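Comments concern the structure below.
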Amino acid sequence: MIELQGLCVGYPGQAVLENITLSFQPGQVLILLGPNGCGKSTLLRTAMGLQPKTGGQVLLDGVPLEKRSAREIARKAAYLAQSRTVPNITARRMVLHGRFPYLTFPRRYRPQDHEAARRALEWADASDVADRPMQELSGGQRQKVYLAMALAQDTETILMDEPTTYLDVGHQLDVMDVARRLAGQGKAVVVVLHDLCLAMRSADEIAVLSEGRLAALGTPEAVYASGILDKVFAIKLGRMETETGFQYYCTKR
């Protein structure tokens, strides 16, 4: 499990995150919400050791992250970044990159690696593009391949930064269904989203960041009742009860 204890991140003369205490719980989908520039992506990168902290601690299974090797971290947590380069390889080969933490020198994929990639492509609804070059895929197709690569890594924790980018509404729902299924398997799933309504219907817990601080943490019901989202986003978040539960909607204040 990843735990952030009083985490601070910043640059000379500029704080990005201040005193963030948060844990990524197994079996839960935690969604990070907040305005642009509030530190959501920075939080994920720092939790993976990809960005240095200026204070506090990041613990991985109780051990400070800096005492873990890159391979150890990669076997425990997968990170789907908001943007990536597009190499000139097939989608299947891209997904196989998720198996790197398990390979020894020389890097030769084993039957179990190919099977893990196949399952991941299936989970991400990307099997149909498996043998196509990445550079020929649409933005939405690439996003599903990158999701499959994170799934192929087969870790206890999965961090996803805007995984629904470039996807149509149906596929956005599919991605969040995958997140819920992964949590159902006991994994800790952390997702950065901008779609408040999708977040409210998909999360077990919501963490709201504002101006680099943790403004709220709780269930969607508790966060809605607090009114914090209205304040942070300058909107009015409403909801109506339907046969399948509450449906949320936003209007401008």
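Every heavy atom of this structure was used, including side-chain atoms; hydrogens, water molecules and symmetry mates were not. Only a predicted model underlies this, so the values are computations on that prediction, with no experimental measurement involved. This chain uses plain numbering: 1 for the first residue, then up along the sequence.
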Over all atoms of both residues, closest heavy-atom pair of [X] and [Y]:
X: Val232; Y: Leu209; answer: CG1-O, 4.3 Å
X: Met160; Y: Val189; answer: CE-CG1, 3.7 Å
X: Ala207; Y: Leu217; answer: CB-CD1, 4.0 Å
X: Ala152; Y: Ala120; answer: N-CB, 3.7 Å
X: Arg75; Y: Pro101; answer: NE-O, 2.8 Å
X: Tyr248; Y: Cys197; answer: O-SG, 3.2 Å

Quiz item: Hey, what's the ring geometry for Tyr109 with Phe100, parallel, tilted or perpendicular (30° and 60° as the breaks)?
Solution: parallel
Practice problem: Check step by step if side-chain contact (heavy atoms from CB on, under 4.5 Å) holds for Leu22 and Leu32. | Solution: CA-CA 11 Å; Leu22 190 61; Leu32 304 182; 4.2 Å; yes
Crowding at [atom1], [X] (>12 non-hydrogen neighbours, <6.0 Å):
X: Arg93; atom1: CZ; value: no
X: Gln247; atom1: CD; value: yes
X: Arg201; atom1: CZ; value: no

Cluster question for you: counting only ILVMFWY and a side-chain heavy-atom cut-off of under 4.5 Å, with indirect links fine, are [X] and [Y] together?
X: Leu65; Y: Phe24; answer: yes
X: Ile89; Y: Leu147; answer: yes
X: Met200; Y: Val192; answer: no
X: Leu182; Y: Val95; answer: yes
X: Leu33; Y: Ile235; answer: yes

Give a yes or no answer on whether the side chain of [X] reaches the backbone of [Y] with a donor-acceptor pair at less than 3.5 Å.
X: Arg108; Y: Leu103; value: no
X: Ser138; Y: Gln141; value: yes
X: Thr155; Y: Thr157; value: yes
X: Glu136; Y: Pro133; value: no
X: Asp230; Y: Leu237; value: yes
X: Gln153; Y: Ala77; value: yes

So how far is it from [X] [atom1] to [Y] [atom2], rounded to the nearest 0.5 Å?
X: Lys40; Y: Asp161; atom1: NZ; atom2: CG; value: 8.0 Å
X: Arg132; Y: Thr90; atom1: CZ; atom2: OG1; value: 11.5 Å
X: Glu162; Y: Ser41; atom1: CD; atom2: OG; value: 7.5 Å
X: Phe233; Y: Ile228; atom1: CZ; atom2: CD1; value: 10.0 Å
X: Leu60; Y: Arg68; atom1: CG; atom2: CZ; value: 4.5 Å
X: Asp61; Y: Glu156; atom1: CG; atom2: CD; value: 5.5 Å

Quick check: do [X] and [Y] have side-chain heavy atoms less than 4.5 Å from each other?
X: Tyr146; Y: Val86; value: yes
X: Leu137; Y: Met134; value: yes
X: Leu30; Y: Val191; value: no
X: Arg180; Y: Val29; value: yes
X: Lys53; Y: Glu66; value: yes
X: Leu173; Y: Leu198; value: yes
X: Ile158; Y: Leu80; value: no
X: Ile31; Y: Met176; value: yes

Practice problem: May I ask you to decide whether Lys187 forms a salt bridge with Asp154, counting only side-chain N to carboxylate O separations under 4.0 Å? | Solution: yes
Exercise. Before accepting this row, confirm whether a basic side-chain N of the pair Arg118/Glu115 lies closer than 4.0 Å to the acidic partner's carboxylate O.
Key: yes
Quiz item: Can you list the residues that meet the ring-ring contact (aromatic ring centres under 6.0 Å, His included) rule with His194, with sequence neighbours excluded?
Solution: none
Practice problem: Let me see the working for His97 and Met94 under side-chain contact (heavy atoms from CB on, under 4.5 Å), right down to the final yes or no. | Solution: CA-CA 5 Å; His97 283 188; Met94 188 81 242; 3.5 Å; yes
Self-check item: Result of checking Asp174, Asp128, Asp125, Asp168 against Lys144 for salt bridge (charged side-chain N to carboxylate O under 4.0 Å, His left out)
Solution: Asp125
If you look only at distance, which donor and acceptor atoms sit under 3.5 Å apart when one is on a side chain in residues 2-21 and the other is two or more places apart or in another chain?
residue	atom	partner	partner atom	Å
Tyr11	OH	Gln51	NE2	3.2
Glu18	OE1	Arg213	NH2	3.3
Thr21	OG1	Gly6	N	3.0

Practice problem: Answer with yes or no after comparing the ring centroid distance for Tyr224 and Phe246 against a 6.0 Å cut-off, counting only values under it. | Solution: no
Quiz prompt | Set of residues satisfying side-chain hydrogen bond (donor to acceptor under 3.5 Å, both in side chains) with respect to Thr242, sequence neighbours excluded | solution = Thr244
Practice problem: Test side-chain contact (heavy atoms from CB on, under 4.5 Å) on Glu221 and Arg239 and set out the steps. | Solution: CA-CA 11 Å; Glu221 176 70 26; Arg239 69 182 184 183; 2.8 Å; yes
Self-check item: Working for side-chain contact (heavy atoms from CB on, under 4.5 Å), residues Tyr102 and Gln112
Solution: CA-CA 11 Å; Tyr102 304 97; Gln112 57 263 46; over 6 Å; no
